Amino acid sequence: MVALGYMGELVQGSASWFKPSLMGLSLENPSLLPYWLGAWAIHMAPSWMPLDFAARIPFGLMLALALVSTWYGTYYLARSPKAQPVAFAFGGEALPTDYARAIADGGLLALMACLGLAQLSHETTPALAQLSFTALLYYAISALPYHRGWPALAAMLGLCGLTLSGAPAMAVFFGLGSALVHGFDRDNAVAGDTTETRPRVHLALEGTLIVLCTALVAAMAFTLNLWRWKIELPHATWTDWNGYAQLLIWFTWPAWPLALWTGWRWRHQLFNRNISRHLTLPAWFSLVCVVATLTTGSADRTLLLALPALASLAAFALPTLKRQMASLIDWFTLLFFSGCGFTIWVVWIAMQTGYPSQPAANVARLAPGFEARFSTLAFGIAIAATLAWAWLVKWRVGRHRAAIWKSLVLPAGGAGLCWLLLMTLWMPLLNYAQSYVSLVNRTVGSMGAPPACIETTGLGEGTIAALQFYGKLPLKARQATPTCPWLLAEPALDMSIPQVIDTSQWDLIARLNHPVAREESLLIFKRH
């Protein structure tokens, strides 16, 4: 909602494109490109399209770009000579391109299966833009030994996009580390599909160009004032470190155990004198993100950038994955996602029929005032997704020709199943619980005729954005001498009237609470 508010200000021309603001409030995260893309989408949207839906379109395309870039990045890493399987004595092994495609399929499935991707990848926030450009840069460095034109362009776009999306430091670390990996990669000097060895000087020159591009984007970030000191060292407390541990375990599941298995099975190449590109490059991207996760306030959004590289590392575990470990992943995934899907269905049935009574009572307590409605379209999609999951489970346990990526089918399919069920069966409930629309409608209704201007004090950015975007209310900051007939304020912690409001000038008209999020409350005042 906050991001949508900044986009709306840009479209209306009430904020600078190089310093986006929301009613005078500056961005906490100095990113530009995500808000530009959303604002352009809103500006170009046809009249019949909801503006908030139009703002989501470029972010959906960026998610698709992240998925495609991860596939191609893993594919070109799997083409590396050191990544190839041992040749059979009498031939018959897979061709390098076929083997690389199978590994790339596994990498894509591993990324789709990561639990941390579910929510953040569907938000219109800079985090998704950073993920997209990180994956694009990852593909560019992976493909650079095989092609020059497109990977070079993708590297420049990835570095620039990551910088303009509010992560210039990550762009610099990714760029410098990638240049070292590329420059010292002696065994991966091939051109296209041939085995012609490329001179090492070419690798060194390409590495130097990556460094120059990194320096240019660092200078651009300095010029646009995008550098911010965000280092927050973790506290030496059990609570903080336990939280980090849980985040690393659940956010990156199931990629992290497979990535660790890759490191163990390929350890002889990790500590070799010659760099193994297919291990060193994703390991560097992952290491930078994990360290940054421990030193930044937005740990989950920082760790999101590690998922493409972790997915690649997980894919390289598949050729050496033992049957016991594969079975463990399958059984855990089957029980976990089947249990989640069953819970979603039970709660939906309780919302529609009132039975079972306990889930229905829980919904009534957590979302008072919510009225469930039946949607044939949503029900049909949910049924189709559930049947597809049942077929996928049957396919996985059935006897068929083994595919190298078969161990990641159930994790990716289960994540897709639960997300589809949430976005169909639970969408009205989630929308009621998290949307500002009901609060905005009640606020507008309490004022009667549309006012000429409304003063505000103490409101959060999300509330301001919702009142402007959905309510079309003309908001302005509170003045020492009131100039508007209405005033909107957020109550104090004890739900009392804030001390900054002079009750001799303002009458309290209404006290409105969000139906679910009680911390989102509004006090409506009218001037004497």
Side-chain angles (χ1 to χ4, degrees), residues 31 33-34 37 58-78 100 103-114 116-123 125-144 146-147 150-168 170-175 177-178 181-182 210 213-214 217 251-252 255 259 277-278 280-290 292-293 300-316 408 412 415:
S31 56
L33 185 58
L37 295 175
F59 291 86
L61 295 177
M62 283 191 286
L63 176 59
L65 176 62
L67 297 175
V68 172
S69 298
T70 301
W71 191 94
Y72 276 101
T74 308
Y75 169 79
Y76 283 110
L77 290 180
I103 295 294
D105 292 341
L108 178 59
L109 290 173
L111 177 61
M112 295 171 59
C114 288
L117 190 71
Q119 177 183 339
L120 298 181
S121 65
H122 294 81
E123 292 182 350
T125 61
L128 178 55
Q130 294 173 12
L131 171 67
S132 176
F133 291 114
T134 298
L136 185 63
L137 177 62
Y138 182 69
Y139 148 74
I141 306 302
S142 302
L144 199 55
Y146 301 88
H147 307 284
W150 287 112
L153 178 61
M156 192 63 192
L157 291 176
L159 289 170
C160 291
L162 193 56
T163 300
L164 292 175
S165 298
M170 302 294 284
V172 169
F173 281 112
F174 287 153
S178 300
V181 172
H182 185 76
I210 298 173
C213 291
T214 304
V217 298
F251 194 91
T252 61
R277 188 187 196 87
H278 69 290
T280 309
L281 184 64
W284 172 252
F285 273 69
S286 303
L287 179 63
V288 169
C289 295
V290 171
T293 298
D300 55 345
R301 299 178 186 275
T302 303
L303 190 57
L304 179 70
L305 308 188
L307 295 186
L310 283 175
S312 288
L313 285 176
F316 286 110
L408 290 170

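All values below come from the heavy atoms of this structure, side chains included, with hydrogens, waters and symmetry mates left out. All values reported here derive from a predicted model rather than from experimental measurement.
- The two residues A140 and A155 make their nearest non-hydrogen contact at CB-N, 3.3 Å.
- Considering all non-hydrogen atoms of both residues, T125 and F59 come closest at O-CE2, 3.5 Å.
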Please walk me through it: do L63 and S132 pass side-chain contact (heavy atoms from CB on, under 4.5 Å)? CA-CA 6 Å; L63 176 59; S132 176; over 6 Å; no
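- The aromatic rings of Y72 and Y75 sit perpendicular to each other, their planes meeting at more than 60°, with 30° as the lower class boundary.
- Side chains of P282 and L310 form no contact here, defined as non-hydrogen atoms less than 4.5 Å apart.
- Atom-to-atom distance recorded for T70:OG1 and L307:CG is 9.0 Å, nearest 0.5 angstrom.
- Across all their heavy atoms, S31 and P126 have their closest contact at OG-CG, 3.2 Å.
- Rounding to the nearest 0.5 Å gives a distance of 12.5 Å between OH of Y139 and OG1 of T74.
- Contact between A311 and L111 at its shortest, heavy atoms only, is CB-N, 3.6 Å.
- Residue L137 holds its CG atom at 8.0 Å from CD1 of I210, rounded to the nearest 0.5 Å.
- The shortest non-hydrogen separation linking L77 to S142 is CG-OG, 3.5 Å.
- Evaluation of the side-chain contact (heavy atoms from CB on, under 4.5 Å) rule for L157 yields L136, L153 as partners, not counting sequence neighbours.
- Distance check, rounded to the nearest 0.5 Å: CG of L108 to OG of S312 gives 10.0 Å.
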Dump the intermediate steps for side-chain contact (heavy atoms from CB on, under 4.5 Å) on Q130 and L304, then the final yes or no. CA-CA 9 Å; Q130 294 173 12; L304 179 70; over 6 Å; no
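- Remark: Y76 OH to L144 CG distance equals 11.0 Å, nearest 0.5 Å.
- Residues I141 and V181 have side chains not in contact (no heavy-atom distance under 4.5 Å, counting atoms from C-beta outward).
- To the nearest 0.5 Å, the span separating CG on L33 from CG on L162 amounts to 10.5 Å.
- Evaluation of the salt bridge (Lys or Arg N to Asp or Glu O under 4.0 Å) test over residues 301-311, restricted to residues two or more places apart or in two chains, returns E123-R301.
- Taking each heavy atom of T134 and L305 in turn, the nearest pair found is CG2-O, 3.7 Å.
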In sequence, state the C-alpha distance, the side-chain angles, and the governing distance for L120 and L128, and then conclude on side-chain contact (heavy atoms from CB on, under 4.5 Å). CA-CA 7 Å; L120 298 181; L128 178 55; over 6 Å; no
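- Residues D300 and Q119 have side chains not in contact (no heavy-atom distance under 4.5 Å, counting atoms from C-beta outward).
- Within a 6.0 Å sphere centred on CZ of F173, heavy atoms belonging to other residues, nucleotides or ligands number 12 at most.
- In this structure the side chain of C289 reaches within 4.5 angstrom of the side chain of M170, judged on heavy atoms.
- Applying ring pair (Phe, Tyr, Trp, His ring centres under 6.0 Å) to F174 and the options F133, W284, F285 leaves one that passes, F285.
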Do W71 and D105 pass the side-chain contact (heavy atoms from CB on, under 4.5 Å) test, and can you show the C-alpha distance, the side-chain angles, and the key distance before you say yes or no? CA-CA 7 Å; W71 191 94; D105 292 341; 2.8 Å; yes
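- Residues L61 and L37 form no side-chain contact, since every pair of their non-hydrogen atoms from C-beta on lies 4.5 Å or further apart.
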